[in-house]
There are 2 protein chains.
Amino acid sequence: MRHDEIEEMRTLPLFVGVASTHVESMLRASFLQRFPAHVELAREGDPADFLHVIIDGQIEMYSAYRDRETTISVIGPGHSFIVAAVILDRVYLKSARALLPSRVLLIPAEAVRRSFGEDAAFSRALALELAGAYRSVVRELKNQKLRSSLERLANWVLTHDGESGGTGRFELPFDKKVLASRLGMAPEVLSRSIAALIPYGVKVSGRAVEISDMGALTGLAHPSPTIDGTVS
Amino acid sequence: MRHDEIEEMRTLPLFVGVASTHVESMLRASFLQRFPAHVELAREGDPADFLHVIIDGQIEMYSAYRDRETTISVIGPGHSFIVAAVILDRVYLKSARALLPSRVLLIPAEAVRRSFGEDAAFSRALALELAGAYRSVVRELKNQKLRSSLERLANWVLTHDGESGGTGRFELPFDKKVLASRLGMAPEVLSRSIAALIPYGVKVSGRAVEISDMGALTGLAHPSPTIDGTVS
DNA sequence: CGGTGCCTTGAACTCACTCAACGCGCGTGG
DNA sequence: CCACGCGCGTTGAGTGAGTTCAAGGCACCG
């Protein structure tokens, strides 16, 4: 890594309050790597070699079983992944692939565990990160077990609109195929579910989404603070 | 709490390596409470007042949405719950009820957060606890999204047998109704799925389960280390 | 112009849910 | 001691949500 890059990485939320010697030692051992789209960054079942932090781009976390595959989450700049596997020194539970060309900071697991053991601020930061991640997955599990696919879509539209300014207009951040998998349904079902939202004032053409009747959509979606809550 | 009880609590895995002054201050503020069966200990949406540690008994973590309800997990002695909500100072995402008469240690959230901020060993213990919990939920999410209900049951039988000694015989740890909800299916579906396991050498009568053809069952279940792995 | 990939649409099918009835074991009260 | 009610589980039948397979439309890109 170049000097200016190291300086850039220092400001990562993961590192706030952490002794600069520890930040330094982790960053010195790290790589800032570029990945083209469609490339696999990590494979489930492999030992956790690196803590990954997305600098820019977009990464899909997914998992396969038999001949099936599902996406667990899609994450962007600022997010780190496989924290849990790294500090427990276990194998990855998910695979990761780049959906867009991405820059990712790779911090060797060994260095992370050392700092985790020596620096209280860092272990606290990781604990908070993990607590937030834990709650996100719990929400997602409830989303899957308690809602129909139409409800999941309606709520996704609602929260995604909220996250992108609440203007009632936004662009899908990735392909519909990926969205379908993220929401836990076949692509065909997503198509039909999108069509089923028309009576509720949601128009989707290409990647453009437009909500014209927020009340009707909310009535269908029944958003819940303990499932959709935007703040961890 | 009585003196001998405090001594008993000191040895909790959550407290290993933690400065005894901090353990002391948390325990002094805590309650060791008994709950009869069927009683609700926490309700989702409420602010996190206490970190709960099960001393003995059995607690069901569940969640409701609209007119539906699902159980997230069933946990026993030694396990703590709602760690994440406590250290983030947020609301509970799940409700908890006692399935059996239970004793639970209630540590005030405020005291936990103070020790978390001051004691490095404690924050590390919590981070590791959270990392393990995170991985469990990720496994469960994959279990739900990637497997059919028959596969989920087959794998549950397999791992539960493994956890209870791998003898091929064990007792269901709770009602079938709860198991069905835990596995994400209606009670009727569990009944039929149990019947569907007979050709694979699984006999269930009442709460007694007997596996006579481990190979056949394993062939059906296709257990995967990244879903069923018993060590976090 | 003719691919190729993404999405949509249609139709058949499957898995799981719902509703309803029934059996069974158990505890309660007559 | 028996009758009854109740909770739990099973079984059956009908329905519905979601999957799968197949074909077709459409935009983008050579």
Side-chain angles (χ1 to χ4, degrees), chain A residues 37-38 58 60 64-71 74 97 99-100 143-157 171-199 202-209 220-222, chain B residues 37-38 60 64-71 74 97 99-100 143-157 171-198 202-209 220-222:
Chain A
H38 311 302
Q58 193 180 47
E60 177 187 13
Y65 174 71
R66 305 252 234 154
D67 59 342
R68 305 152 217 172
E69 184 183 305
T70 193
T71 114
V74 179
R97 73 166 74 97
L99 291 181
L100 299 175
N143 194 33
Q144 285 295 325
K145 289 184 80 175
L146 290 168
R147 298 217 259 231
S148 70
S149 57
L150 185 58
E151 286 172 331
R152 291 198 297 276
L153 173 60
N155 279 289
W156 184 89
V157 170
E171 297 275 312
L172 297 183
F174 33 72
D175 288 353
K176 286 181 184 165
K177 198 168 60 161
V178 176
L179 178 58
S181 178
R182 169 55 259 273
L183 292 176
M185 60 185 92
E188 296 91 329
V189 177
L190 177 60
S191 258
R192 292 185 239 268
S193 297
I194 286 175
L197 286 185
I198 295 175
V202 178
K203 228 184 311 178
V204 179
S205 49
R207 284 199 171 191
V209 180
L220 172 68
H222 284 267
Chain B
H38 311 302
E60 176 187 12
Y65 174 72
R66 305 253 234 154
D67 60 341
R68 305 153 218 172
E69 184 182 306
T70 193
T71 114
V74 179
R97 72 165 75 97
L99 291 181
L100 299 175
N143 194 33
Q144 286 295 324
K145 288 184 81 175
L146 291 167
R147 297 217 260 231
S148 71
S149 57
L150 185 58
E151 286 172 330
R152 291 199 297 275
L153 173 61
N155 279 290
W156 184 88
V157 169
E171 296 276 310
L172 297 183
F174 33 71
D175 287 353
K176 286 181 184 166
K177 196 168 62 162
V178 175
L179 177 59
S181 178
R182 171 52 259 274
L183 292 175
M185 60 185 92
E188 295 92 328
V189 177
L190 176 59
S191 258
R192 292 185 237 268
S193 297
I194 286 175
L197 287 185
I198 295 175
V202 178
K203 227 184 313 177
V204 179
S205 50
R207 286 200 170 189
V209 181
L220 172 68
H222 284 265

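Just so we're on the same page: letters track the sequence lines, and every chain starts at 1. Since the structure is predicted, the reported quantities are computational estimates derived from the model, not experimental observations.
- As rounded to whole Å, 10 Å separates atom P of D:dT11 from atom CD1 of B:I194.
- Among residues two or more places apart in sequence or in another chain, the side chain to side chain donor-acceptor pair (under 3.5 Å) test is passed with B:H38 by none.
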Quick test: give all pairs of protein nitrogen or oxygen and nucleotides 15-23 of chain D nitrogen or oxygen below 3.5 Å, distance rounded to 0.1 Å.
unit_1	atom_1	unit_2	atom_2	d
D:dG18	OP1	A:S149	N	2.9
D:dG18	OP1	A:S149	OG	3.3
D:dG18	OP2	A:S149	OG	2.7
D:dT19	OP2	A:A186	N	3.0
D:dT20	O4	A:R192	NH2	3.2
D:dC21	N4	A:E188	OE2	2.9

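- Contacts of B:K145 classified as side chain to side chain donor-acceptor pair (under 3.5 Å), with partners at least two apart in sequence or in another chain: A:T70.
- One can place CD1 of A:I198 at 10 Å from P of C:dT8, the figure rounded to the nearest angstrom.
- As rounded to whole Å, 10 Å separates atom C1' of D:dG9 from atom CG of B:D175.
- Nucleotide C:dC6 holds its C1' atom 12 Å from the NE2 atom of A:H38, rounded to whole Å.
- Ring geometry, B:H222 versus A:Y65: the interplanar angle exceeds 60°, so the pair is classed perpendicular (tilted spans 30 to 60°).
- One atom, CG of B:L190, and another, C1' of C:dT18, lie 16 Å apart when rounded to the nearest Å.
- Among residues two or more places apart in sequence or in another chain, the side chain to side chain donor-acceptor pair (under 3.5 Å) test is passed with A:E69 by A:R97.
- Regarding B:Q144, its CD atom lies at a distance of 11 Å from the P atom of C:dA16, rounded to whole Å.
- Taking 4.0 angstrom as the limit, B:K176 places a side-chain polar atom (N or O) nearer than this to OP1 or OP2 of D:dT10.
- Listed by first then second residue, pairs satisfying salt bridge (charged side-chain N to carboxylate O under 4.0 Å, His left out) with a partner in residues 182-193 of chain B read B:E140-B:R182, not counting sequence neighbours.
- Scanning for side-chain contact (heavy atoms from CB on, under 4.5 Å) contacts around B:S191 gives an empty result, with sequence neighbours left out.
- If you measure from atom CG of B:L183 to atom C1' of C:dC17, you get 16 Å, rounded to the nearest angstrom.
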